[in-house]
Participant: 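Below is the structure I would like to discuss, written out as structure tokens.
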Amino acid sequence: MSFTEIKIPISWGHIAGKAWGNISDPLVMVLHGYQDNAGSFDKLIPLLPTTYYYVCLDLPGHGKSSHIPTPTFISFVDFIYTLKYTLDYFNRKKYILLGHSYGAQTCLIFTQIFPAYVSKLITLDAIHYLPISPKNCIPFLRQIITRYEKLHHLDPKTAPSYELEEAVQKMTEQRMAQISDESMKIIMQRSLIPQPDGRYKISLAQHLKYNIAAPMSLSYFASLLKHHPIKCPHLSIIVSESATFKQIAKESFDQLRENKNFEEIVVEGHHDVHVEHPDRVAPIISAFLVKQHSKL
């Protein structure tokens, strides 16, 4: 299955991505995790059914997509809006959403807000945004705002440059789970900006480090799922190294299980299993894509 590069115009520039398959087929919108890009699905997509059109986005400030202008704060709402904007651009009646980590969290809450858009939902190693307790909310916001002030004084022209191996090491160290240099280089192809001296700058927007997370607790998220349940077929894949997460977020999973078309599967591996071992998740996702689910 081959891909093409896409650019979708938006008010602050463009949203970039990779589109795999035939544009006339049902559309699967694919969202990467925090500080990743569309390249994180390069090993997975070729293993999925060829009867779908897969659009893997670079979220704003990631990969080859334009940055949301500073000094604007970035919040989770910006990414929900970007997803809706992109779906509207393709002008389909229904979409399948597939997301990993932060992308999965965005897909899930989008499905709650705009359920009519979504025919199926696939979430990889995440359900809702990382919780912030009421106790920690104010210190968190104080820290983010204080740090963000420093961005006003940064000149993009003075951003550091790196040797290739140095850049790979830097980005690998920032990940939740350690991945191989080979996998990291595949992902970073969309984030490296070659410099005249042979070094590279990293395209990742600096103000992503100060993203305003959803100030919601675990119980709040569970309550959201109770009052605004996911009703479409939903596949949740959690990796073995994140198994304790299911206990921590038990209330939310209990609410998701109220959906008779909810499926949950644990696979062996770490947070980036779809990058390192796509063969472990591809058969599960493929079966879910082609399955005829019962009507609600």
Side-chain angles (χ1 to χ4, degrees), residues 1-42 44-46 48 50-70 72-124 156 186-193 201-208 211 274 289:
M1 187 166 28
S2 60
F3 69 87
T4 56
E5 292 284 344
I6 60 171
K7 278 188 177 182
I8 300 168
I10 197 166
S11 60
W12 60 80
H14 66 268
I15 302 166
K18 302 176 75 168
W20 302 73
N22 190 325
I23 194 171
S24 63
D25 287 332
L27 195 155
V28 181
M29 186 63 68
V30 186
L31 294 191
H32 60 80
Y34 191 56
Q35 297 192 19
D36 268 356
N37 58 58
S40 62
F41 295 97
D42 280 5
L44 174 63
I45 300 300
L48 300 181
T50 58
T51 50
Y52 294 87
Y53 182 57
Y54 303 91
V55 177
C56 304
L57 295 184
D58 291 333
L59 288 170
H62 298 76
K64 297 183 178 182
S65 285
S66 300
H67 296 186
I68 295 175
T70 52
T72 308
F73 278 99
I74 295 180
S75 80
F76 68 102
V77 177
D78 291 299
F79 299 114
I80 296 169
Y81 168 74
T82 299
L83 175 55
K84 183 178 185 299
Y85 180 93
T86 307
L87 295 177
D88 288 339
Y89 175 86
F90 285 99
N91 195 28
R92 305 284 183 96
K93 289 184 178 179
K94 288 282 187 177
Y95 306 87
I96 299 169
L97 302 184
L98 189 166
H100 169 248
S101 194
Y102 194 89
Q105 296 159 356
T106 301
C107 288
L108 187 140
I109 199 165
F110 177 91
T111 303
Q112 290 180 276
I113 300 170
F114 301 106
Y117 277 66
V118 186
S119 61
K120 292 185 179 183
L121 171 65
I122 303 168
T123 52
L124 303 179
I186 291 173
I187 296 172
M188 289 192 66
Q189 286 177 10
R190 302 186 67 80
S191 296
L192 293 177
I193 305 172
K201 290 188 177 182
I202 299 173
S203 67
L204 200 67
Q206 287 297 305
H207 54 331
L208 285 172
N211 175 33
H274 68 298
L289 286 172

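By convention here, the first residue in the shown sequence is residue 1.
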Participant: List the steps and the verdict of side chain to side chain contact (heavy atoms under 4.5 Å, CB included) for His62 and Leu204.
Facilitator: CA-CA 5 Å; His62 298 76; Leu204 200 67; 3.8 Å; yes
Participant: Any side-chain heavy-atom pair from Phe3 and Glu5 closer than 4.5 angstrom?
Facilitator: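 When only atoms from C-beta onward are counted, Glu5 and Phe3 do touch, with a gap below 4.5 Å.
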Participant: Run the ring-centre check on Phe41 versus His32 and record whether the distance is less than 6.0 Å.
Facilitator: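 Not close enough - the centres of the two rings lie 6.0 Å or further apart.
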Participant: Closest heavy-atom contact between Arg190 and Ala16?
Facilitator: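 Smallest interatomic distance, heavy atoms only, reads NH2-CB, 4.2 Å.
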Participant: How far does OG of Ser66 sit from CD1 of Ile15, to the nearest 0.5 angstrom?
Facilitator: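 It is 8.5 Å, given to the nearest 0.5 Å.
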Participant: Run Leu98 and Leu124 through side chain to side chain contact (heavy atoms under 4.5 Å, CB included) and show every step you take.
Facilitator: CA-CA 8 Å; Leu98 189 166; Leu124 303 179; 4.0 Å; yes
Participant: Kindly give the heavy-atom pair with the smallest separation between Arg92 and Tyr53, and that separation in Å.
Facilitator: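 That closest heavy-atom pairing would be NH2-CD2, 4.1 Å.
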Participant: Side chains of Leu289 and Thr51, heavy atoms from C-beta outward: is any pair under 4.5 Å?
Facilitator: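 SC-SC contact between Leu289 and Thr51 ruled out.
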Participant: Looking at the rings of Tyr117 and Phe110, which for Trp means the six-membered one, are their centres under 6.0 Å apart?
Facilitator: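 Ring centroids of Tyr117 and Phe110 are less than 6.0 Å from each other.
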Participant: Knowing that exactly one of Thr4, Asp42, Ile6 qualifies, which makes a side-chain contact (heavy atoms from CB on, under 4.5 Å) with Lys18?
Facilitator: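 Filter result, single survivor: Asp42.
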Participant: Could you give me the CA-CA distance, side-chain angles and deciding distance for Tyr102 and Asp36, then say whether side chain to side chain contact (heavy atoms under 4.5 Å, CB included) is met?
Facilitator: CA-CA 10 Å; Tyr102 194 89; Asp36 268 356; over 6 Å; no
Participant: Measuring from atom CG of Leu97 to atom CG of Leu108, what distance do you get when rounded to the nearest 0.5 angstrom?
Facilitator: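 These two atoms lie 10.0 Å from each other.
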Participant: List the atom of Ile10, the atom of Tyr81, and the distance in Å for their closest heavy-atom pair.
Facilitator: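 Closest approach of Ile10 to Tyr81: CD1-CE2, 4.2 Å.
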Participant: Can you tell me if Asn37 uses its side chain to pair, donor with acceptor, with the backbone of Ile187 under 3.5 Å?
Facilitator: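 Flag set: sc Asn37 to bb Ile187 pair under 3.5 Å.
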Participant: For Thr86 and Met29, which heavy atoms make the closest approach, and how far apart are they?
Facilitator: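 Shortest heavy-atom contact: CG2-CE, 3.7 Å.
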Participant: I'd like to know whether Leu57 forms a side chain to side chain contact (heavy atoms under 4.5 Å, CB included) with Ser65, so could you lay out the CA-CA distance, the side-chain angles of the two residues, the decisive distance to 0.1 Å, and finally the verdict.
Facilitator: CA-CA 8 Å; Leu57 295 184; Ser65 285; over 6 Å; no
Participant: Looking at every heavy atom in both Ile186 and Gly39, which two are closest together, and how far apart are they?
Facilitator: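 Where Ile186 meets Gly39 most closely, the heavy atoms are CG2-O, 3.8 Å.
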Participant: To the nearest 0.5 Å, what is the distance between CD1 on Ile80 and CD1 on Ile109?
Facilitator: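 So the gap between those two atoms works out to 4.5 Å.
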Participant: If you measure only the distance, is there a donor-acceptor pair under 3.5 Å linking the side chains of Tyr54 and Asp25?
Facilitator: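 No, no side-chain donor-acceptor contact under 3.5 Å.
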Participant: Specify the closest pair of heavy atoms between Trp12 and Pro60, including all atoms of both residues, with the distance to one decimal.
Facilitator: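 Minimum heavy-atom separation between Trp12 and Pro60: CZ2-CG, 3.8 Å.
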Participant: Any donor and acceptor pair, going by atom type alone, linking the side chain of Asp78 with main-chain N or O of Ser75 inside 3.5 Å?
Facilitator: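 A pair under 3.5 Å: yes.
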Participant: In Å, rounded to the nearest 0.5 Å, how long is the span from NZ of Lys84 to OG1 of Thr106?
Facilitator: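 It comes to 15.5 Å.
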Participant: How long is the span from the OG atom in Ser101 to the NE2 atom in His274, to the nearest 0.5 Å?
Facilitator: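 Nearest 0.5 Å value for the OG-NE2 distance: 8.5 Å.
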Participant: Quick one: pull up OG in Ser203 and CE in Met188 and give me the separation to the nearest 0.5 Å.
Facilitator: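 Nearest 0.5 Å value for the OG-CE distance: 8.5 Å.
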Participant: Does Lys94, at its NZ atom, have more than 12 non-hydrogen atoms belonging to other residues, nucleotides or ligands within less than 6.0 Å?
Facilitator: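 Atom NZ in Lys94 is crowded, with more than 12 foreign heavy atoms closer than 6.0 Å.
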